[in-house]
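Accompanying notes for the structure given below.
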Amino acid sequence: MTSQGDAGGLASPPDGPSATRVPGRRAPLEALAAAALFGAAAPLTKTLVYSLPALQLAGLLYLGAALAVVPLALRRQAGERLRLDAANRRRLLGAVLLGGIAAPLLFVLALKIASAASVALLLTLEVAATAALGALIFRDPLGARGWVGVAGIIAASALVAWGGGAPSVLASVLVGAACVGWALDNHLTALIDALPPARTTLIKGAVAGAFNLTLAALLTPSLPTLRAAGAALLIGGACYGLSLVLYIRAAQRLGAVRAQATFATAPFWGVGLAALVFGEGLSMVAAVAMGLAAGAVFLLLRDQHAHRHRHAALQHAHEHDHADGHHTHAHGDQSATSRHTHPHTHAETEHAHRHRPDLHHRHEH
């Protein structure tokens with residue numbers, strides 16, 4: 001096996017399932033951190049729901065997400081070429097339209113005709129839809145442990161949300177469609193390999209924020225107070241912006257299914273924060289659900305496999321290090337000891353090692 005880099009090829013790693021380190025060891029922690037930040041949004045936003053209309057609040061949260069990542073998004077790497085090929089343009093457009101505009105709008109419409117608790121119960125469909133689409137379309141399949149983990153996440157989320165009653169058929173259809181939109185967004189975002197996660201977050205946040213604020217201005221025209229707007233922007237920056245950057249980084253190395261199922265623990269982090277900050281009691285049901293979710297995530301992240309597989313020649317740009325056996329290109333004076341981003345080339349390669357469905361391992365097996 002030979003790997004061709006920007007400045008020539010280097011020797012291949014030895015063959016065998018354990019010859020290279022499984023990439024993305026930090027990715028599970030990043031997915032959990034993204035979930036914790038996003039979960040914190042619910043209790044932190046609680047004080048704003050009566051001060052701002054829903055669409056205006058959503059727009060400010062997305063706008064805050066975009067503003068928070070501007071410094072990271074504008075940072076350029078050595079040799080970086082800001083160019084999206086047709087495939088990445090389609091992925092980005094699909095992610096913005098489906099996950100940033102269509103799905104939130106369907107979700108808001110469902111909330112208008114059904115209770116929040118009943119709608120929350122159906123949000124577990126996003127995990128199921130992400131897993132199903134991964135297995136059927138996006139070459140992001142799960143093994144037995146992975147499917148048990150997904151089932152555990154869905155069961156834990158349903159346990160927490162149970163009690164709101166079933167929503168109407170129309171509300172159920174709207175939420176289901178929103179979850180499919182978010183599931184497609186998860187996979188498309190995980191496959192974008194020409195933009196750093198911060199830049200993807202900036203584009204999605206800016207477009208979604210502008211759309212929601214425009215819709216709010218048309219439907220519920222009013223100006224927010226500076227205090228409420230500032231609070232929404234700060235919450236959006238941390239709980240949406242930083243959270244989304246961490247999520248995309250994790251999804252690119254874990255695959256969309258594993259990252260999304262881990263991210264689905266967000267409600268449990270919110271429940272824990274509400275108990276600590278606002279003194280809201282932690283029920284026995286919530287405690288059991290949190291334990292079930294922890295076990296499910298453990299099983300899910302343990303789901304990986306090893307087999308001989310072939311990588312086609314590829315040129316792309318994404319965050320990587322040089323300890324995973326897939327990035328052996330030379331850097332000259334540039335340090336390659338830490339994670340970094342720049343355009344690089346992979347020659348056709350065939351080898352065997354333990355792996356997950358990251359950017360380099362979307363293949364049939």
Side-chain angles (χ1 to χ4, degrees), residues 15-32 34-35 121-162 176 179-180 182-191 247 249-269 288-311 324-326 350-365:
D15 194 22
S18 60
T20 56
R21 171 180 64 76
V22 177
R25 284 188 174 181
R26 291 191 308 176
L29 296 178
E30 290 173 344
L32 286 171
L121 176 62
L122 291 178
L123 287 180
T124 56
L125 289 173
E126 183 181 350
V127 181
T130 303
L133 289 171
L136 296 174
I137 299 176
F138 289 96
R139 294 186 293 178
D140 186 354
L142 289 169
R145 280 188 296 192
W147 281 109
V148 171
V150 167
I153 291 291
I154 294 173
S157 300
L159 194 59
V160 168
W162 192 262
C179 288
V180 171
W182 278 318
L184 288 167
D185 175 20
N186 294 333
H187 284 289
L188 293 171
T189 300
L191 290 172
Y247 172 78
R249 283 163 57 102
Q252 289 181 343
R253 283 175 278 162
L254 292 176
V257 176
R258 290 160 181 81
Q260 174 56 34
T262 306
F263 188 77
T265 62
F268 307 112
W269 295 99
V288 171
M290 291 171 74
L292 178 59
V297 168
F298 175 79
L299 285 175
L300 187 74
L301 295 178
R302 294 287 294 173
D303 185 70
Q304 51 192 316
H305 60 276
H307 61 96
R308 177 163 289 278
H309 54 277
R310 181 181 298 275
H311 299 275
D324 60 6
H326 293 88
E350 184 176 347
H351 60 180
H353 64 96
R354 291 188 303 123
H355 60 275
R356 300 185 179 103
D358 58 25
L359 283 173
H360 297 102
H361 297 97
R362 292 299 183 101
H363 51 251
E364 301 294 342
H365 66 273

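Please read these numbers as outputs of a predicted model, since none were measured by experiment.
The shortest non-hydrogen separation linking Val257 to Thr130 is CG2-O, 3.4 Å. Nearest approach of Ala27 to Ala250, heavy atoms of both residues: O-CB, 3.5 Å. Between Ala259 and Ala251, the shortest heavy-atom contact is CB-CA, 3.6 Å. Summarising the geometry of Ala183 relative to Glu126, their closest heavy-atom pair is CB-O, 4.2 Å, with the distance given to 0.1 Å. The two residues Val127 and Gln260 make their nearest non-hydrogen contact at CG2-NE2, 4.3 Å.
We find the CG-CH2 distance between Leu125 and Trp182 to be 11.0 Å, quoted to the nearest 0.5 Å. A distance of 8.5 Å separates CD in Glu30 from CG in Leu254, rounded to the nearest 0.5 Å. Rounded to the nearest 0.5 Å, atoms CG (Leu133) and CG (Leu188) are 9.5 Å apart. For the atom pair CG of Leu292 and CD1 of Ile153, the computed distance is 7.5 Å after rounding to the nearest 0.5 Å.
Contacts of Thr262 classified as side-chain hydrogen bond (donor to acceptor under 3.5 Å, both in side chains), with partners at least two apart in sequence or in another chain: none. Not counting sequence neighbours, the partners of Val148 by the side-chain contact (heavy atoms from CB on, under 4.5 Å) test are Leu299. For Phe263, the ring-ring contact (aromatic ring centres under 6.0 Å, His included) criterion is met by Phe38, Tyr247, not counting sequence neighbours.
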